[in-house]
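First comes the structure, then the notes that go with it.
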Amino acid sequence: MEVNHQRSMRQHCALKHGIFKEFLAEMLGTFVLVVFGCGSVAQSVLSRNTLGEPLTVHIGFSVGLIMAVYVAGGVSGGHVNPAVSLAMVVLGKLKIWKFPIYVMAQFIGAFTGAAAVFGLYYDAFMDFTSGILSVTGISATAHIFASYPARHLSILGGFIDQVVGTGMLVLCILAIMDRENIGAPRGVEPLATGLIIMAIAVSMGLNCGYPLNPARDLGPRLFTAVAGWGMEVFSTGNYWWWIPVGGPMVGGVVAAVLYFLLIELHHPREEEDEEDDDSLKDKYEMIAMS
């Protein structure tokens with residue numbers, strides 16, 4: 001009877017159109033990424049570094065991405081990042097009409113993920129800030145949700161930082177997914193993707209904390225704007241907000257083009273394999289005739 005009930009629920013509730021499934025998968029995957037990632041920052045900041053440090057934040061984002069890809073990967077590919085989705089469009093691995101749908105899902109997932117972290121730690125936020133949510137100063141908490149530049153960083157330097165960082169992310173993701181290359185064993189791809197984030201975190205996090213993801217940065221930033229931090233989240237850092245949006249998109253495209261030109265373009269194709277087989281047959285026939 002229970003089996004029949006489950007079957008009935010599937011028939012009535014299961015989505016039939018693939019794009020709706022992919023939308024929900026990208027939304028939930030990005031939600032998971034932000035909850036674990038921003039949650040690890042919140043625990044570190046709000047505990048005044050007694051229950052967290054930079055390494056725990058790196059682990060939070062790395063494991064968050066691993067779990068996000070496990071959640072969404074089998075349905076949508078587990079992009080959870082508009083820069084990754086755009087790279088897939090450039091390479092013809094994602095239909096262009098799906099791109100805005102994926103991006104919308106990713107932004108919604110990131111926004112709601114930030115809301116979940118704020119709700120989870122609401123009492124801690126109030127205790128830490130005395131009820132005053134600020135973007136700068138010793139009690140600043142906006143950086144829990146979105147990236148802000150270090151004092152030494154210029155706008156150009158920040159843009160280059162995001163292009164290079166996201167380029168490395170997308171380049172390595174393409175290598176992991178490339179079955180004509182070594183690739184990663186089936187089911188291990190999310191783990192390998194998480195290791196990319198860990199590598200970037202420990203090598204490229206000084207300038208602005210490796211956002212690398214327009215949805216993961218802008219979604220939570222929009223949440224902070226409406227949740228009490230105000231529009232200062234967009235003006236701080238010489239209007240820094242657009243750098244972790246535009247830089248990753250450029251970096252993803254550059255990485256996709258480079259991987260295609262330097263690696264994927266040179267993989268042997270079926271036609272070449274058939275030609276090689278024909279030449280071998282001709283060679284064996286000549287040997288047999290002689």
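All heavy atoms count here, side chains included; hydrogens, waters and symmetry mates do not.
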**Study point:** Atom pair CD1 (Ile66) and CG (Leu33), whose distance is rounded to the nearest 0.5 Å
**Key:** 11.0 Å

**Study point:** Quiz item: cation-pi between Arg221 and Tyr148, 6.0 Å / 45°
**Key:** yes

Review point. For residues Ser235 and Trp240, is any side-chain donor paired with an opposing acceptor at under 3.5 Å?
Key: no

Review point. Say you draw a straight line from CG of Leu86 to NE2 of His79; how long is it, rounded to the nearest 0.5 Å?
Key: 11.0 Å

Point to revise | Closest non-hydrogen atom pair between Ile138 and Phe128, with its separation | key: O-CZ, 4.4 Å

**Study point:** Non-hydrogen side-chain atoms of Val80 and Glu26 separated by less than 4.5 Å
**Key:** yes

**Study point:** Flag for Asp127-Tyr122: side-chain donor and acceptor within less than 3.5 Å
**Key:** no

**Study point:** Heavy-atom check, side chain of Met67 versus side chain of Pro190, under 4.5 Å
**Key:** no

Exercise for review: May I ask you to decide if Leu212's main-chain N or O and Asn81's side chain share a donor-acceptor pair within less than 3.5 Å?
Suggested key: yes

Point to revise | Residues Glu264 and Arg179 bridged, charged N to O under 4.0 Å | key: no

Check your understanding: Taking the six-membered ring where the residue is Trp, are the ring centres of Phe111 and Phe107 under 6.0 Å apart?
Key -> no

Check your understanding: For Asp161, does its backbone N or O pair with a side-chain atom of Tyr210 as donor and acceptor, under 3.5 Å?
Key -> no

**Study point:** Donor-acceptor contact below 3.5 Å, side chain Thr166 vs main chain Val163
**Key:** no

Review point. Is the backbone of Gly183 close enough, under 3.5 Å, to the side chain of Asn181 for a donor and an acceptor to pair up by distance?
Key: no

Check your understanding: When you look at CG of Leu262, are more than 12 heavy atoms from neighbouring residues, nucleotides or ligands closer to it than 6.0 Å?
Key -> yes

Check your understanding: Quick check, are the ring centers of Phe125 and Phe118 under 6.0 angstrom apart?
Key -> yes

Review point. Is there side-chain contact between Gln106 and Ser85, with heavy atoms separated by less than 4.5 Å?
Key: yes

Practice item. Kindly indicate, with the supporting measurements, whether the criterion side chain to side chain contact (heavy atoms under 4.5 Å, CB included) is fulfilled by Val57 and Ser40. Key: CA-CA 5 Å; Val57 173; Ser40 67; 4.1 Å; yes

Review point. Between Ile197 and His58, is any pair of side-chain heavy atoms under 4.5 Å apart?
Key: no

Exercise for review: Side-chain contact test, heavy atoms from C-beta onward, threshold under 4.5 Å: evaluate it for Leu65 versus Phe61 and give yes or no.
Suggested key: no

Check your understanding: Rounded to the nearest 0.5 Å, how far apart are OG1 of Thr193 and CE of Met177?
Key -> 7.5 Å

Point to revise | Enclosure of Ile96 CD1 (heavy-atom neighbours >12, cutoff 6.0 Å) | key: no

Point to revise | Any Thr224 side-chain heavy atom under 4.5 Å of Val135 side chain | key: no

Exercise for review: Give a yes or no on whether the ring-centroid distance for Tyr239 and Phe234 is below 6.0 angstrom.
Suggested key: no

Check your understanding: Given side chains that start at C-beta, do those of Glu22 and Ile101 come closer than 4.5 Å, heavy atoms only?
Key -> no

Point to revise | Thr129 side-chain N/O to Gly131 backbone N/O, donor-acceptor pair under 3.5 Å | key: yes

Review point. When the ring planes of Phe159 and Trp242 are compared, do they come out parallel, tilted or perpendicular, using 30° and 60° as the limits?
Key: tilted

Review point. Quick one: CD1 on Ile19 to NZ on Lys95, what's the gap to the nearest 0.5 Å?
Key: 9.5 Å

Practice item. Apply side chain to side chain donor-acceptor pair (under 3.5 Å) to Ser147 and Trp241, showing your working. Key: CA-CA 8 Å; Ser147 69; Trp241 71 270; over 6 Å; no

Review point. Would you say the side-chain atoms of Asp178 and His267 include a donor-acceptor pair closer than 3.5 Å?
Key: yes

Point to revise | Close side-chain approach of Val84 to Met88, heavy-atom, < 4.5 Å | key: yes

